[in-house]
Q: 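The structure under discussion is supplied below as structure tokens; questions concerning it will follow.
These numbers come from the heavy atoms of this one structure, side chains and all, not from hydrogens, waters or symmetry mates. Throughout, residue positions are numbered sequentially from 1 according to the sequence presented.
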Amino acid sequence: MIVNKLFLFILILLFNPMVLFAQQPCNCEGNFKWVKETFEKNDAGFDYVIQQKGMAAYEEHNKAILSKIKKATDKEQCAVAMREWLLFFRKSHHAIIPVNTTKPTAAASSISLEVLALSEEQVKQGIPDASTPLLEGIWTTSSYKIGIVKKDKGYKGIILTSGNPAWKPGYVKLNITADSAGAFYMGDFSANKFDKAVLVGKNTLQLGTVFLKREYPVFPGNDDAAVLYAKEMATSVPFMQQLSDKTILFRIPTFEDYAKHDIDSLLKLNDALLKRTQNLVIDIRNNGGGSDISYYEIIPLLYTNPIRSINTTFLSTPLNNSRMEGFLATPGLSDAEKKALTEAVNTLKENPGKFVNLNKGKIVDVGKLDTIFPFPKNVAIIINNQNGSTSEEFLLAARQSKKVKLFGVTTFGVLDISNTYVVESPDKQFKLGYALSKSLRIPDLAIDGKGIMPDYYIDKSIPDAQWLNYVVGVLEQ
């Protein structure tokens, strides 16, 4: 594809901070005023949303949030209210991040550890005889052997052996309530909450993002689909697996910068196999995005005709432009990159308050390649409602190929207003993330709040663990 280097450089900087803090007092009203004013003046999507929803709805929303702001007694309550305020504008590409101004509180000291002193043999003795799989049993995950027992109206998972010295035998590692919701406590004792404990197949248990494998009693039957599904959903790195002589699976859990090396390496290592195999399934379920450069090497494999990529415009304000000026201090810039950045900064400064197209005024870039590979002949991309941002940009490019069909459900829908910038509040209590750019797709092909629809809808009658089998069945029929 033809890529504007400056635009590519701008897209690379993303963030996803997660921090645990002790409760701290703060000037919530003052910080909310700063967040509101900063967002109104600088966010690329502010005016667009006001035009859609109206000023009356915005003022009513401000009134409701302000009442919550006035009741906030600490930083986290304040952050929750301000995050709710941001949701008026879109579902993502914004953030409120409390700044840790005091020593973090260790997660282990903030919870009361529960202990059930049961041996592995005692857990086994308590497992009821059943012809159908139950939750009771011995389960394993990467570092732990866990005994799940019925307790009160729910279940508790007890450490039997542990590779983490902080977790001793008898510590309660997980709780499942009567309605199947619960929490799996991570290595640092933080609670990874889930809405429902789900048996996938007979011998795999899904607790949100955590998967356990049954060690005892193991129920007979073909559990291959469940095992592969668990492998796909649990992995943090991409992998490739041949499913049959006709079909290859390429699982890509993220497009973050660090994944590019693995993606490109897998493509290079399996190049000959890919180019003689009829079908390719690319599973990007739960891939929330990252950096566009991570998927560029996939495109030649899918390519059949020129790919049109719609450009974006950047809102010019003093604060927004300071971010671009900051790029000039990036170590290792070439003379050409410095020149391009300097020209971009000057163009932005010459157009205060306006949306500026930094791609030489072009609405669209057209990517042309010299080669169309005969194989893979068919490419299926599996998508779900957790795909957003760069994942959706990938889909917009990939689906222009005659080889490609999308399978699954409509994506998250967060792409049009993007390029997040993070700034710190005057009292250094919070950081605000907001967006700098707006796509020229608006309004004709808006993605925000709508998402990208699949070509083949996978309805709820097909369990998540069977999606891949369904897709392969369509490709190989």
Q: Is the NZ atom of Lys405 crowded by more than 12 outside heavy atoms at less than 6.0 Å?
A: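 No.
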Q: Is the closest side-chain donor-acceptor distance between Thr247 and Asn279 under 3.5 Å?
A: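 There is such a pair between these side chains.
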Q: Considering only heavy atoms from C-beta outward, does the side chain of Glu392 approach that of Asp416 to under 4.5 Å?
A: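 Glu392 does not reach Asp416 side chain to side chain.
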Q: With a 4.5 Å cut-off on side-chain heavy atoms, are Ile298 and Ile252 touching?
A: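 Touching, per the 4.5 Å side-chain cut-off.
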Q: Does the ring of Phe375 carry Lys275 above it, NZ/CZ under 6.0 angstrom from centre and within 45° of its axis?
A: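 So Lys275 doesn't make the cation-pi contact.
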Q: For the CG atom on Asp459, are there more than 12 heavy atoms of other groups (residues, nucleotides or ligands in this structure) within a distance under 6.0 Å?
A: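 Enclosed.
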Q: State which residue, out of Asn320, Asp43, Thr420, Thr38, fulfils the side-chain hydrogen bond (donor to acceptor under 3.5 Å, both in side chains) condition with Tyr434.
A: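 Answer after filtering Asn320, Asp43, Thr420, Thr38: Asn320.
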Q: For the residue pair Ser291 and Asp257, confirm or rule out a side-chain donor-acceptor distance under 3.5 Å.
A: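 Yes - a donor-acceptor pair under 3.5 Å links their side chains.
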Q: Under the ring-ring contact (aromatic ring centres under 6.0 Å, His included) definition, can you give me all pairs with a residue in residues 233-266, not counting sequence neighbours?
A: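 Every pair satisfying ring-ring contact (aromatic ring centres under 6.0 Å, His included) with a residue in residues 233-266: Phe255-Tyr295, Phe255-Phe394.
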Q: Determine the minimum heavy-atom distance between Leu328 and Leu333, stating which atoms define it.
A: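 Of all heavy-atom pairs spanning Leu328 and Leu333, the closest is O-CD1, 3.9 Å.
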Q: Here's one to test your reading of the geometry: is the NZ or CZ of Lys173 within 45 degrees of the ring axis of Tyr185 and under 6.0 Å from its centre?
A: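 Judged by the rule, Lys173 and Tyr185 form no cation-pi pair.
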Q: For Gln241, what residues pass the side-chain hydrogen bond (donor to acceptor under 3.5 Å, both in side chains) criterion, not counting sequence neighbours?
A: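 Partners of Gln241 under the side-chain hydrogen bond (donor to acceptor under 3.5 Å, both in side chains) test: Lys231.
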Q: So which of Asp448, Leu396, Thr312 actually passes side-chain contact (heavy atoms from CB on, under 4.5 Å) with Arg441?
A: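 The side-chain contact (heavy atoms from CB on, under 4.5 Å) with Arg441 is passed solely by Leu396 among Asp448, Leu396, Thr312.
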Q: Between Ser418 and Ala435, what is the shortest heavy-atom contact and its length?
A: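 For Ser418 versus Ala435, the nearest heavy atoms are O-CB, 3.3 Å.
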Q: Decide yes or no for Trp467 and Ile462: does some side-chain heavy atom of the first lie under 4.5 Å from some side-chain heavy atom of the second?
A: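 Yes. Closest side-chain heavy atoms under 4.5 Å.
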Q: Is the Phe189-Trp167 ring centre distance short of 6.0 angstrom?
A: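 Yes, ring centres under 6.0 Å apart.
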Q: If you define the side chain from C-beta out and look only at heavy atoms, does anything of Tyr421 sit under 4.5 Å from Ser322?
A: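 The answer is yes; the side chains approach within 4.5 Å.
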Q: Does the side chain of Leu205 come within less than 4.5 Å of Trp139's, by heavy atoms?
A: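 Yes, close enough: below the 4.5 Å cut-off.
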Q: Identify which one of Thr209, Asn175, Ile176, Ile146 satisfies the side-chain contact (heavy atoms from CB on, under 4.5 Å) criterion when paired with Phe184.
A: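 Result: among Thr209, Asn175, Ile176, Ile146, Ile146 is the only option passing the side-chain contact (heavy atoms from CB on, under 4.5 Å) with Phe184.
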Q: Hey, does Lys70 have a side-chain heavy atom less than 4.5 Å from the side chain of Cys28?
A: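 No, their side chains stay 4.5 Å or more apart.
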Q: Taking the six-membered ring for Trp, are Phe32 and Trp85 parallel (under 30°), tilted (30 to 60°) or perpendicular (over 60°)?
A: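 Answer is perpendicular, since the angle exceeds 60°.
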Q: Tell me if a side-chain donor or acceptor on Arg251 pairs with a main-chain N or O of Glu232 at a distance below 3.5 Å.
A: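 Here the side-chain-to-backbone pair exists.
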Q: Between Ser92 (side chain) and Val414 (backbone), is there a donor-acceptor pair under 3.5 Å?
A: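 No; zero donor-acceptor contacts below 3.5 Å.
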Q: Just by distance, with hydrogens left out, do Asp292 and Thr390 show a side-chain donor and acceptor under 3.5 Å apart?
A: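 Yes, a side-chain donor-acceptor pair sits under 3.5 Å.
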Q: For residues Asp427 and Asn27, is any side-chain donor paired with an opposing acceptor at under 3.5 Å?
A: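 On atom types as modelled, these side chains do not qualify, holding no pair under 3.5 Å.
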Q: Parallel under 30°, tilted from 30 to 60°, perpendicular over 60°: which one fits the rings of Tyr229 and Phe211?
A: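 Answer is perpendicular, since the angle exceeds 60°.
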Q: Scan side-chain atoms only and decide if Ser425 and Gln429 contain a donor-acceptor pair under the 3.5 Å cut-off.
A: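 No.
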